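Residue numbers start from 1 in every chain, and the chains themselves are labelled A, B, ... in the order their sequence lines are given, proteins ahead of strands. What you see is a predicted model, and the numbers here were worked out from it, not measured in a lab.
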Protein chains: 2
Amino acid sequence: MGVNDRSRCPVACTLDLLGDKWTLLVVRDLLLGKTTYTEFQNSPEGVPTNILAERLKRLQAAGVVAREKYQERPVRYAYQLTDKGRDLAPVLSAMVDWGNRYVEGTIPREAIEAMMKQGR
Amino acid sequence: MGVNDRSRCPVACTLDLLGDKWTLLVVRDLLLGKTTYTEFQNSPEGVPTNILAERLKRLQAAGVVAREKYQERPVRYAYQLTDKGRDLAPVLSAMVDWGNRYVEGTIPREAIEAMMKQGR
DNA sequence: CTAGTAACTTGTAATTTACAAGTAACAATA
DNA sequence: TATTGTTACTTGTAAATTACAAGTTACTAG
């Protein structure tokens with residue numbers, strides 16, 4: 001993965017992969033411990049299914065997410081973050097802080113961290 | 001600004017405002033000390049002019065950016081971040097780190113910080 | 001009086017998104 | 001054996017958004 005054609009700015013390059021309404025929500029779900037297509041679909045925001053499929057492919061292509069078959073007959077897949085994907089945690093963390101400070105009624109960080117521990 | 005209709009997740013709420021390819025680049029430019037419409041347009045990514053106008057309005061409406069007339073005859077405007085806008089710095093900072101680590105050829109943080117000091 | 005600049009607005013084609021429905025492969029139940 | 005259910009998607013299409021080019025307004029400078 002090298003720079004793209006927009007610019008060599010690290011922010012612009014990051015946004016080329018993650019700059020939309022849905023991609024970082026998938027990463028969020030993965031950080032929360034969700035692993036299957038259906039779990040992502042069941043998140044409260046309700047990502048359209050074709051968008052979810054496309055984003056999972058893009059994230060795999062970018063090396064942020066890995067898909068593994070965890071069961072044959074019937075075949076089932078689990079998605080998980082790679083190191084590259086887990087290193088997006090600080091971006092999400094900063095968004096949680098900003099959202100908690102400036103958007104009234106958002107779920108506080110502590111409740112989110114509790115959900116993560118639950119997942120493990 | 002309260003929660004929206006997608007969910008009460010602070011990440012989702014933040015993405016409702018900032019989750020696209022261009023908005024955070026405007027915030028980046030403001031953090032770098034740029035203030036005018038023309039300066040934003042001249043950034044290397046080349047934001048379409050109608051998109052730029054729309055994003056500046058949204059950011060103003062959200063209280064992230066303030067516009068002030070710094071000159072009459074001819075009338076000229078300067079945009080600047082509010083406290084709420086400046087508090088997005090950690091989000092951008094995390095993106096810089098991630099981009100620098102995982103996207104080859106991106107401008108290093110140190111060079112960006114040097115640009116900020118230049119601006120002041 | 002002509003050219004230039006800043007800050008936008010407008011029109012339209014191309015692209016992307018949202019929503020609904022459909023599909024393939026299998027499991028479980030009647 | 002037939003029907004229903006589940007997972008992980010794909011496909012079709014209308015609606016919304018974006019990209020690109022051109023135009024507009026209000027001035028200044030020469």
Closer than 4.0 Å, any side-chain N/O of [X] to the OP1 or OP2 of [N]?
X: A:Tyr37; N: D:dT10; answer: no
X: A:Arg58; N: C:dT16; answer: no
X: A:Lys57; N: D:dC9; answer: no
X: A:Lys21; N: C:dA18; answer: yes
X: B:Arg55; N: D:dT18; answer: yes
X: A:Trp22; N: C:dT17; answer: no
X: A:Tyr79; N: D:dC9; answer: yes

Starting at atom [atom1] of [X], determine the distance to atom [atom2] of [N], rounded to an integer number of angstrom.
X: B:Asp16; N: D:dA16; atom1: CG; atom2: C1'; answer: 16 Å
X: B:Gln71; N: D:dC27; atom1: CD; atom2: P; answer: 11 Å
X: A:Gln41; N: C:dA18; atom1: CD; atom2: C1'; answer: 14 Å
X: B:Arg76; N: C:dA7; atom1: CZ; atom2: P; answer: 6 Å
X: B:Leu52; N: D:dT18; atom1: CG; atom2: C1'; answer: 14 Å
X: B:Ile51; N: D:dC20; atom1: CD1; atom2: C1'; answer: 11 Å
X: A:Asp20; N: C:dT17; atom1: CG; atom2: P; answer: 7 Å
X: A:Glu54; N: C:dA18; atom1: CD; atom2: C1'; answer: 14 Å

**Q.** Nearest-0.5 Å distance, CE of residue B:Met115 to CG of residue B:Leu32
**A.** 5.0 Å
Q | Minimum heavy-atom distance between A:Tyr102 and B:Asp83, given as atom pair plus value | A |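 Here A:Tyr102 and B:Asp83 meet closest at OH-O, 3.8 Å.
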Q. Cationic tip of B:Arg28 within the cone over B:Trp22's six-membered ring, i.e. under 6.0 Å and within 45° of the normal?
A. no
Q) Side chains of B:Arg55 and B:Thr23: is there a donor and an acceptor less than 3.5 Å apart? A)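 B:Thr23 and B:Arg55 do have a side-chain donor-acceptor pair below 3.5 Å.
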(Q) What I want to check is whether the side chains of B:Thr36 and B:Glu39 have a donor and an acceptor closer together than 3.5 Å. (A)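 There is such a pair between these side chains.
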Reckon [X] touches a base, only the sugar-phosphate, or nothing at all at heavy-atom distances under 4.0 Å?
X: A:Phe40; value: nothing
X: A:Lys69; value: nothing
X: A:Asn50; value: base

Q: Let me know, please, whether B:Arg67 or A:Pro74 comes out on the 5' side of the other along DNA chain C by nearest nucleotide.
A: B:Arg67
**Q.** Along DNA chain C (nearest heavy atom to each residue), the more 5'-positioned of A:Thr49 and A:Arg73
**A.**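 Final value for this comparison: A:Thr49.
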Q) Less than 4.0 Å between a side-chain N and a carboxylate O, is that true for A:Lys21 and B:Asp16? A) no
Q | Per B:Ala53 side chain, nearest of listed nucleotides D:dA8, D:dT10, C:dC8 | A |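 Nearest listed nucleotide: C:dC8.
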